[in-house]
Amino acid sequence: MWQKVFSWIHTYERHVSAAAMVAGFIADSLLFERVDLWQTQAVFASYTAICFISIPLTHWLESRAARGFSHPRWRVLLPIATQFSLGGFWSGFVIFYGRSADLGASWPFLLVLLLIFLGSEYFHQHHSRLVFTSVLFFFALYSYAIFAVPVFTGTIGTLTFLGSGVAAIVLFALFTVLLRILAHDRFQVDVWRIRVGAFLVVLFFNISYFTNILPPLPLAATATGVYHSVWRVPGNYLATSEAEPWQVKYLGLAPTLHLIPGGSVYAYSSVFAPTTLATTIVHRWQWYDPEAKQWITKATIAYSILGGRDGGYRGYSSVPMGQAGSWRVNIETIDGRLITRLPFTAAFVAKPPLLTAVTLK
């Protein structure tokens, strides 16, 4: 029976590998909840271990076959295990980076994740796959380290990001040592292409970080909004808001707040952070100057948050409206990385609008 199973897998290896990658994607979509749960970290660690073993072992067997040795039947399971783990990596990254990203700022990074996921099935020859799969694994290691290191250290910022890169590079160096030992001839042919690919991965992540297109994982905005007033009551936050037009409610367009001249607008944000993490959140209030055609910062308000709450750490800021027109509140990390953005229009009226009290998440 096993002979028939392995024979069928070998015949349809390409399709089975693709199905395994999709299966990993679906499995993580159903299982992942919070980035700081030990179960989440255990799943990512298992994906790392599988790739760490299956990729070198696959090419060890290919090297043996080139010297005349026959393939063991279970060899067909190795690329399937690799594809399943890579599919799991990408699904986790899409879930967590997607939750953390502001689409307007981070769409280039998310697009790269999607293209890698879709493009990985176009590399089928084993010789090319050594380079591509190794670099792909390094990309996964780097992506994982970026949010795993802050979870374990309870810190974020430039030094933590650079430390994440060092951790990914060290682990990948150990992986290449294993490749060199098990598949020496094949590795020697491709070593420079692997190094160049790895260098491009490092370059991509550092450019993404310092140009602020990398989502600020492990932070994520879980609830945000602009209101006429916000106040805290025991165990909750309340706000007053106008009735939302359908374009705002269903299409997510920027709301218009009708204010008496000199009235204030309140920005509310609930930002998730891992349990061990304490940091500072910044509300940067900006008004668009139509003459200068640029955004002018009118106020910068910072407050500390503590991680752990499922719905995120809640806080708010307020600014009196000195000018009508287009406004936005950038909710940022202390080092200036964008978590989310709240655009709105301030319109001055003689009579205040009808307001409704709402309970905030």
Side-chain angles (χ1 to χ4, degrees), residues 2-3 5-21 23-24 43-90 93 116-117 119-145 165-205:
W2 285 111
Q3 183 176 359
V5 171
F6 288 132
S7 177
W8 182 87
I9 293 175
H10 179 75
T11 303
Y12 298 99
E13 179 180 347
R14 174 179 175 181
H15 303 291
V16 174
S17 294
M21 197 168 191
V43 170
F44 275 111
S46 67
Y47 292 154
T48 301
I50 291 172
C51 288
F52 201 97
I53 295 172
S54 64
I55 296 172
L57 198 55
T58 295
H59 294 284
W60 173 65
L61 294 175
E62 292 299 323
S63 297
R64 281 170 50 87
R67 297 195 300 270
F69 292 91
S70 60
H71 280 312
R73 294 173 183 172
W74 50 265
R75 199 276 318 171
V76 296
L77 299 177
L78 294 176
I80 295 173
T82 301
Q83 291 295 84
F84 176 81
S85 298
L86 291 176
F89 269 129
W90 304 135
F93 298 153
I116 289 176
F117 175 71
S120 61
E121 281 303 306
Y122 288 96
F123 293 79
H124 302 301
Q125 295 182 356
H126 289 291
H127 186 75
S128 298
R129 190 181 294 169
L130 175 60
V131 178
F132 183 79
T133 308
S134 297
V135 175
L136 195 65
F137 179 45
F138 181 53
F139 193 103
L141 283 176
Y142 216 123
S143 302
Y144 174 41
V166 170
I169 291 170
V170 169
L171 193 57
F172 187 68
L174 295 175
F175 168 80
T176 58
V177 169
L178 186 59
L179 266 179
R180 184 188 297 271
I181 293 172
L182 294 182
H184 182 269
D185 294 340
R186 185 177 289 262
F187 177 78
Q188 287 299 111
V189 171
D190 290 330
V191 59
W192 279 108
R193 281 185 284 180
I194 293 175
R195 288 174 179 173
V196 169
F199 172 77
L200 292 176
V201 170
V202 174
L203 189 65
F204 168 75
F205 276 104

How about Y144 and Y47: do any of their side-chain heavy atoms sit closer than 4.5 Å?
no
When rounded to the nearest 0.5 angstrom, what distance separates OG in S143 from CZ in F44?
9.0 Å
Can you say whether the rings of F138 and Y142 are parallel (under 30°), tilted (30 to 60°) or perpendicular (over 60°)?
perpendicular
Check the angle between the aromatic planes of F52 and F137 and answer parallel, tilted or perpendicular using the 30° and 60° thresholds.
perpendicular
With side-chain contact (heavy atoms from CB on, under 4.5 Å) as the test, would you mind laying out the steps for V177 and I181 before giving the verdict?
CA-CA 6 Å; V177 169; I181 293 172; 4.0 Å; yes
Please determine whether side-chain contact (heavy atoms from CB on, under 4.5 Å) holds for the pair F175 and V170, giving the CA-CA distance in whole Å, both sets of side-chain angles, and the decisive distance to 0.1 Å.
CA-CA 9 Å; F175 168 80; V170 169; over 6 Å; no
What do the steps show when you test W192 against V131 for side-chain contact (heavy atoms from CB on, under 4.5 Å), and what is the final call?
CA-CA 9 Å; W192 279 108; V131 178; over 6 Å; no
Could you walk me through whether L178 and I53 satisfy the side-chain contact (heavy atoms from CB on, under 4.5 Å) test, starting with their C-alpha distance in whole Å, then the side-chain angles of each, then the deciding distance to 0.1 Å, before giving a yes or no?
CA-CA 9 Å; L178 186 59; I53 295 172; 5.7 Å; no
Quick check: closest heavy atoms across C51 and P56, and the distance to 0.1 Å?
O-CD, 3.7 Å
Is any side-chain heavy atom of F204 closer than 4.5 Å to a side-chain heavy atom of F139?
yes
With the side chain counted from C-beta on, respond yes when L141 and I169 share a heavy-atom pair under 4.5 Å apart, and no when they do not.
no
Measuring from atom CG of L179 to atom CG of D190, what distance do you get when rounded to the nearest 0.5 angstrom?
10.0 Å
Search all heavy atoms of A81 against all heavy atoms of I50 and return the closest pair with its distance.
O-CG2, 3.7 Å
Considering all heavy atoms, the nearest F93-A140 contact
CZ-O, 3.3 Å
Please find the pair of heavy atoms, one from S46 and one from V43, that lie closest to each other, and give the distance.
OG-O, 2.5 Å
For R195, enumerate each residue passing the side-chain hydrogen bond (donor to acceptor under 3.5 Å, both in side chains) test, keeping only those at least two apart in sequence or located in another chain.
none
Of the non-hydrogen atoms in T48 and L171, which two are nearest, and what is the gap between them?
CG2-CD2, 3.9 Å
With T82, which residues qualify under side-chain hydrogen bond (donor to acceptor under 3.5 Å, both in side chains), at least two apart?
S54
